[in-house]
Amino acid sequence: MRKDTGIYTFNPEPVGDYAVKVSDVSMVYNIANEQLNSLKEYVLKLAKRELFFREFLALQNISFEVKHGDSFGLVGTNGSGKSTMLKIISGVLSPTTGSCEVNGTLAPLIEMGAGFNLDLSARENIYLNGALLGYSRKFIQEHFDEIVDFAELRDFLELPMKNYSSGMVARIAFSIATVIVPNILIVDETLSVGDMFFKEKCQDRIKSLIEEHNTTVLFVSHSISQVARICENAIWIEKGIPQMIGTAKEVCEAYSKSHKT
Amino acid sequence: MSLVRYFSLRYTVLSLTIMNSLLARLKRDSFVLTSLVSKDFKIKYRRSILGVLWSVLNPLFMMLVLTVVFSFIFRFEIENFPLYLILGKLIYLLVSGSTTAGLSSIFNSASLIKKIRINKAIFPVEKVIFEMVNFTFSLTAVVIVMLYFQVAPTPTVFLMPLLMIYVLLFCTGLSLILSALAVFFRDVVHLWSVFTLAWMYLSAIFYPVSILPEVAQQAILWNPIYQFITYFREIIMWGTVPSLQSNLICLGMALSTLAVGILIFRKLQKRFILYV
């Protein structure tokens, strides 16, 4: 088994030339050949020396840089390692080898609403989820109305969230996650939730973050047209191997060409 | 000369920034902790009319049941047996409750751990704090029993915070160990429920130590719960100041468990995300 030497450095100040700098990152998952779930099985296999792992390379030697204020797209087919890459950048997963450097506050929009407790009311959940996202109590108090107004759910504030529709939950989640002006915003196909009007509102909000607040955006999508429209630069990853880095237009063209033949 | 000054200045700046970021992290973590504790309370007493009063009533009723059982079936010569019982039971419930909740806290927070960069130790620590707050409410039950049996408190009750710190550190350490191990082996969940049951009978909660054989009386001194219970009974029931030795034993057990807990947790937490 190889030794883990991956380094993740996070600096909340937007300093240096790059918002995100990924150098030579590889991610290895050890997949057990059999499912081992109990201590007994584990010890038995260990004693018999039958404990084998298959190494699975989710990412191989990925390097790229994202400048401050840039909007950067990641494209690739399902299971090609895009989300793994985003998880490494957001600091949830540490890389096996290589290094990842992030300068600036992060707002992850990866599957929002993870911290909701559906037995609690929306009001209580806004505070709870805000805390989990790293906001201070004062910040939430000051921006409470802004969150509620953006989600347009003021009439249902005291209702337990299990009575909400999934679209309503997504509205609250998006409002909480984007009330802050982050230096770096990570968007992982979350724009597919909500009705048409709310989707537009979300896109406007992201656009205003990019244009008015100089926020760096990392964008993952299957929709090539969306990437080409929103992003300036992009990387194309296929089965964990980087295929191409360049302007979003070039990368998207090459990507769609390769899938037509 | 200037080089020395440069480095000392650099060092000061560096240590100041480290201090600052540490303080900021502590502030953030404490807000997350209080939010989670208040969430747990809301969930626990949701739609119950008596609400938090149950934290007092529950140990009282339990004491009543056990007192009836033990006054008719087994008889022990203990003065104020109900008080003896409830003091032991409360400490036991605190330890078993917080560790059992702490145990599953990591894999129950899988959805969060997979998505947000967060100090993972928050989850087991929060469960311990929640049980600690609950325990503080339950102390009202002790006051009621003392009033009923007309046991006057002595100034030794002021040692209560000290005992609570010992138990807090001990439970935190144990929860860190268990929650980390449970991520990799769910067996720990089943083992722990059996273990805590055995631990209850081994902690002299409803019998006097004097009924035990000599060997067992020596062995029970290694049981942290028994040490905490004895401390509790000393300051509340018997009005004696626990000796320096018993203070050191309690503190030692708490700190060593915490140290092991932090070590194990830090070693394993990087790999949690691959298993939760």
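Every value quoted in this text rests on a predicted model; they were computed, and no experiment measured them. Below, each value reflects all heavy atoms present in this structure, side chains not excepted, and no hydrogens, waters or symmetry copies. Numbered from 1 within each chain, the chains take letters A, B, ... in sequence-line order.
At a 4.5 Å heavy-atom cutoff, B:L181 makes no contact with chain A through either its backbone or its side chain. Neither the backbone nor the side chain of B:S38 comes within less than 4.5 Å of any heavy atom in chain A. With a threshold of 4.5 angstrom between heavy atoms, A:S94 approaches chain B through side-chain atoms but not through N, CA, C or O. Using a 4.5 Å cut-off between heavy atoms, B:I116 contacts chain A through both its backbone and its side chain. For a residue to count as touching a neighbouring chain, one of its non-hydrogen atoms must lie under 4.5 Å from one of that chain's; by this rule A:N117 touches chain B with the side chain only. Interface remark: A:Y8 contributes side-chain atoms only to the contact with chain B (heavy atom separation under 4.5 Å).
One side chain, B:S55 or B:Y45, offers a donor N or O that lies under 3.5 Å from an acceptor on the other. Using modelled atom types and a 3.5 Å distance limit, the side chains of B:T99 and B:W192 yield a donor-acceptor pair.
Both tests hold for B:R117 against A:F10: distance to the six-membered ring centre under 6.0 Å, angle to the ring axis within 45°.
Around the CG atom of B:L50, the shell of radius 6.0 Å holds more than 12 heavy atoms that belong to other residues, nucleotides or ligands. The environment of B:K44 atom NZ is dense: over 12 non-hydrogen atoms of other residues, nucleotides or ligands sit within 6.0 angstrom.
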